[in-house]
Each structure stands twice: as structure tokens, then as C-alpha cells.
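Order of the sequence lines fixes the chain letters, A, B, ..., with proteins taken first and strands second; residue numbering starts at 1 for each chain.
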There are 2 protein chains.
Amino acid sequence: MNRENCYTEMQAKIFKALGHSSRLKIVESLFAGERCVCELQAIVGSDMSTVSKHLNILKEAGVLQDERRGTNIYYSLRMKCVAKFLNCVEEFVGQTMEEQIRIYSRSKVSS
Amino acid sequence: MNRENCYTEMQAKIFKALGHSSRLKIVESLFAGERCVCELQAIVGSDMSTVSKHLNILKEAGVLQDERRGTNIYYSLRMKCVAKFLNCVEEFVGQTMEEQIRIYSRSKVSS
DNA sequence: CTCAAGTTTGGTTTTTTGGCCAAAAAGGAA
DNA sequence: TTCCTTTTTGGCCAAAAAACCAAACTTGAG
């Protein structure tokens with residue numbers, strides 16, 4: 001694989017890591033600061049092992065970093081610019097959702 | 001599904017759409033302007049039907065839009081802020097790649 | 001040392017995704 | 001209409017991802 005392709009692969013890996021609702025929830029909850037795995041498990045609501053694997057995917061992509069303190073392992077945001085992009089995505093989704101609702105209610109009226 | 005979850009799902013859908021190297025290539029090539037499917041097929045290098053499916057995923061997520069003119073269908077970027085985030089991701093990947101290379105060459109020396 | 005708490009790893013099953021092929025649409029031109 | 005070009009759809013198969021459970025690992029406390 002050449003350097004160009006490798007670049008694209010690594011970028012795709014970041015998007016792939018963010019492309020799952022549980023992982024997105026994890027990342028969003030980390031905007032406020034670091035959390036241990038058990039806290040994140042409570043937020044996501046899946047099995048601990050599942051959450052652990054999600055965290056590893058995010059860490060492998062470079063989005064998160066972890067630090068052990070005692071028996072706990074704390075995860076935090078490493079790739080800061082995710083926050084900015086998520087703002088844009090949220091705004092975009094908000095608009096799209098409104099459009100969807102408009103389209104939906106229009107088709108409901110006309111049918 | 002409640003509104004909150006729906007929001008997260010839609011956001012994840014956007015990231016998922018961008019989380020594939022072929023689709024990322026498509027999006028990047030559209031920064032310069034619209035392209036028809038056959039042009040995009042040449043860029044990606046997969047079967048036309050495969051490219052078409054990738055395009056649909058990006059369109060469904062709201063990242064792209066399409067417009068038919070004659071027998072051609074032109075795709076273009078709808079979600080403009082992707083460009084900004086990709087800059088950040090590229091920068092980030094660049095740094096990470098340098099780190100990886102550093103780590104790799106160090107381990108090569110020490111072994 | 002043993003024990004308990006927190007976390008990860010391995011194995012298995014189920015679900016989703018990607019890629020290719022052939023067939024079907026959708027337009028434009030003759 | 002028929003033919004040709006461009007694009008999408010459906011079917012199938014292989015590969016990847018996700019979820020769950022049980023077992024293992026790591027560290028601090030007693």
C-alpha cells in the first residue's frame with residue numbers, strides 16, 4: 001500500500017470509529033472530561049466487555065487516549081477537533097430532521 | 001426510539017458513510033466540484049454498481065446530493081463542513097503517522 | 001499471600017457490509 | 001418504436017463487525 005492509500009485508510013478508520021451510536025455517545029460524554037470505563041458503561045448501557053471493545057476501537061483510531069489510575073482506567077478525548085465537527089453535524093442533522101418532518105407532514109396531508 | 005436516540009443514529013450514519021476509503025475518495029474528489037458517476041467510478045476503480053451503492057449511502061446520510069442532466073447523474077457535496085473536518089483529520093493523521101514511524105524506527109533500533 | 005473490583009481478551013454466534021454479476025430502469029437519439 | 005448510454009437494483013457470497021458469555025488479567029487492600 002502506498003502512502004496516499006495509507007493516509008486514506010487511516011482517515012477512514014477515524015470515521016469508522018465514530019460511526020456507531022454507542023461510540024458516538026462515548027465521545028460526546030467525554031467532551032465534559034475524562035470518565036472511567038464503568039461510568040461509560042452506565043452511559044452506553046451495554047455489556048462491559050462490549051463497551052471495552054468500543055473504547056479500544058476509538059483508541060486505535062486515535063480519537064481517545066486512556067490512563068490507568070489505581071484499578072480504574074480513565075478515557076479522555078485525544079482528537080479535540082471532533083467536537084467542532086460534531087457541532088456542524090448536529091446542526092446539519094437538526095436541519096435535515098426538520099426537513100424530514102416537513103416532508104412527512106406534507107405527504108400525510110396530501111394523502 | 002426517542003428524539004435523542006434518533007439524533008445520535010443520524011449522526012452515526014454520517015460518520016458511517018464517511019468510514020470507507022472508497023467513499024472518502026469520492027467525497028474528497030467532490031471538493032473540486034460535481035462529478036458524474038462514470039467519472040467517480042474511474043477515480044474509485046471499483047465496479048460501477050459498487051460505486052453507485054457507495055454514492056447512495058453518502059446521499060442517504062445527507063453528505064451528497066445528486067442531479068440528473070440527460071443520461072448522466074451528477075453528484076456534489078451537500079454537507080460542506082466535511083471539508084473543514086477532513087483538514088483536521090488529515091493533520092491529525094499526519095502527526096500520528098510521524099509518531100508511528102518514530103516508534104517503529106526506534107523499536108527497530110532497539111531490537 | 002488471597003481477595004475483590006475494574007477492565008480486557010478469547011471464543012462463538014448473529015448481523016451487517018462490500019463486491020461482483022446480471023438484469024432492469026431512465027433518457028436521448030434515430 | 002427501437003437502440004444505445006448511463007445508472008440503479010437485486011441476488012448471491014465472502015468478509016467484517018457487533019454482541020454476549022466466560023475466563024483471564026491488573027491493581028489495591030487486607
J.: Name the residue from I57(B), L30(B), L55(B), L18(B) that meets the side-chain contact (heavy atoms from CB on, under 4.5 Å) definition with V63(B).
T.: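 Of the listed residues I57(B), L30(B), L55(B), L18(B), the side-chain contact (heavy atoms from CB on, under 4.5 Å) partner of V63(B) is L18(B).
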J.: Where the side chain of R23(B) is concerned, which of dT8(C), dG18(C), dT8(D) is the nearest nucleotide?
T.: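 When the side chain of R23(B) is considered, dG18(C) is the closest of dT8(C), dG18(C), dT8(D).
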J.: For each nucleotide in nucleotides 20-30 of chain D, reading 5' to 3', give B when a protein heavy atom comes within less than 4.0 Å of its base, S when such contact involves only the sugar-phosphate, and - otherwise.
T.: BBB---BBS--
J.: Over how many whole Å does the gap from D66(A) atom CG to dG6(C) atom P extend?
T.: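 From D66(A) CG to dG6(C) P: 17 Å.
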J.: On the ring face of Y75(A), is R35(A) found with NZ or CZ under 6.0 Å from the centre and within 45° of the axis?
T.: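 Negative - R35(A) is either too far from the ring of Y75(A) or too far off its axis.
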J.: Would you say N72(B) places a side-chain N or O within less than 4.0 Å of OP1 or OP2 belonging to dT5(D)?
T.: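 For dT5(D), OP1/OP2 do not have a side-chain N/O of N72(B) under 4.0 Å.
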J.: Just checking E91(B): does its CD atom have more than 12 heavy atoms from other residues, nucleotides or ligands closer to it than 6.0 angstrom?
T.: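 Counting neighbours around CD of E91(B), 12 or fewer heavy atoms of other residues, nucleotides or ligands fall under 6.0 Å, so no.
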J.: Under the 6.0 Å and 45° cation-pi test, does R68(B) pair with Y74(B)?
T.: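 Because its charged atom misses either the 6.0 Å distance or the 45° angle limit, R68(B) does not stack over Y74(B).
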J.: Given atom CG of L64(A) and atom C1' of dT8(C), what is their separation to the nearest angstrom?
T.: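 Spelled out: CG on L64(A) to C1' on dT8(C) is 16 Å.
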J.: Is it the case that the ring center of F92(A) lies less than 6.0 angstrom away from the ring center of F85(A)?
T.: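 No, ring centres 6.0 Å or more apart.
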J.: Of all the choices, dT17(C), dA19(D), dG18(C), which nucleotide is nearest to the side chain of H20(B) once you look at every atom?
T.: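 Given the options dT17(C), dA19(D), dG18(C), the side chain of H20(B) is closest to dG18(C).
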J.: Using a heavy-atom cut-off of 4.0 Å across all strands, would you classify I57(B) as base, sugar-phosphate, or nothing?
T.: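 Answer is sugar-phosphate: I57(B) comes under 4.0 Å of backbone atoms only.
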J.: Provide, to the nearest angstrom, the distance between the CD atom belonging to E34(A) and the P atom belonging to dT7(C).
T.: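 So the two atoms are 12 Å apart, to the nearest Å.
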J.: Would you indicate, yes or no, if dT6(D) has its OP1 or OP2 atom less than 4.0 angstrom from a side-chain nitrogen or oxygen of Y75(B)?
T.: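 Checking Y75(B) against dT6(D): no side-chain N or O falls below 4.0 Å of OP1 or OP2.
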J.: Rounded off to whole Å, could you give me the CD1-to-C1' distance for the I26(A) and dA18(D) pair?
T.: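 I26(A) atom CD1 is separated from dA18(D) atom C1' by 13 Å.
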J.: Below 4.0 angstrom, N of the basic side chain to O of the carboxylate: do R69(A) and E34(A) qualify?
T.: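 Yes.
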J.: Check the distance between dA18(D)'s P and K16(B)'s NZ and give it to me in whole angstrom.
T.: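 Roughly 8 Å, once rounded to whole Å.
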J.: Expressed as a whole number of angstroms, how long is the span from N56(A):CG to dA17(D):C1'?
T.: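 Distance check: N56(A) CG to dA17(D) C1' gives 14 Å.
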J.: Using OP1 and OP2 only, check whether a side-chain N or O of Y74(A) sits under 4.0 Å from dT7(C).
T.: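 No, Y74(A) has no side-chain N/O under 4.0 Å of OP1/OP2 on dT7(C).
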J.: Let me know the distance between CD of Q41(B) and C1' of dC21(C), rounded to the nearest Å.
T.: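 Spelled out: CD on Q41(B) to C1' on dC21(C) is 14 Å.
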J.: Output yes when a side-chain donor or acceptor of R78(B) lies under 3.5 Å from a complementary backbone atom of D66(B), and no otherwise.
T.: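 No, R78(B) side chain to D66(B) backbone: no donor-acceptor pair under 3.5 Å.
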J.: For dA19(D), does OP1 or OP2 lie under 4.0 Å from any side-chain N or O of H54(A)?
T.: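 So the side chain of H54(A) is within the cut-off, an N or O lying under 4.0 Å from OP1 or OP2 of dA19(D).
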J.: Give the nucleotide from the list dT8(C), dT7(D), dG19(C) with an atom nearest to the side chain of M48(A).
T.: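 Nucleotide nearest to M48(A)'s side chain: dT8(C).
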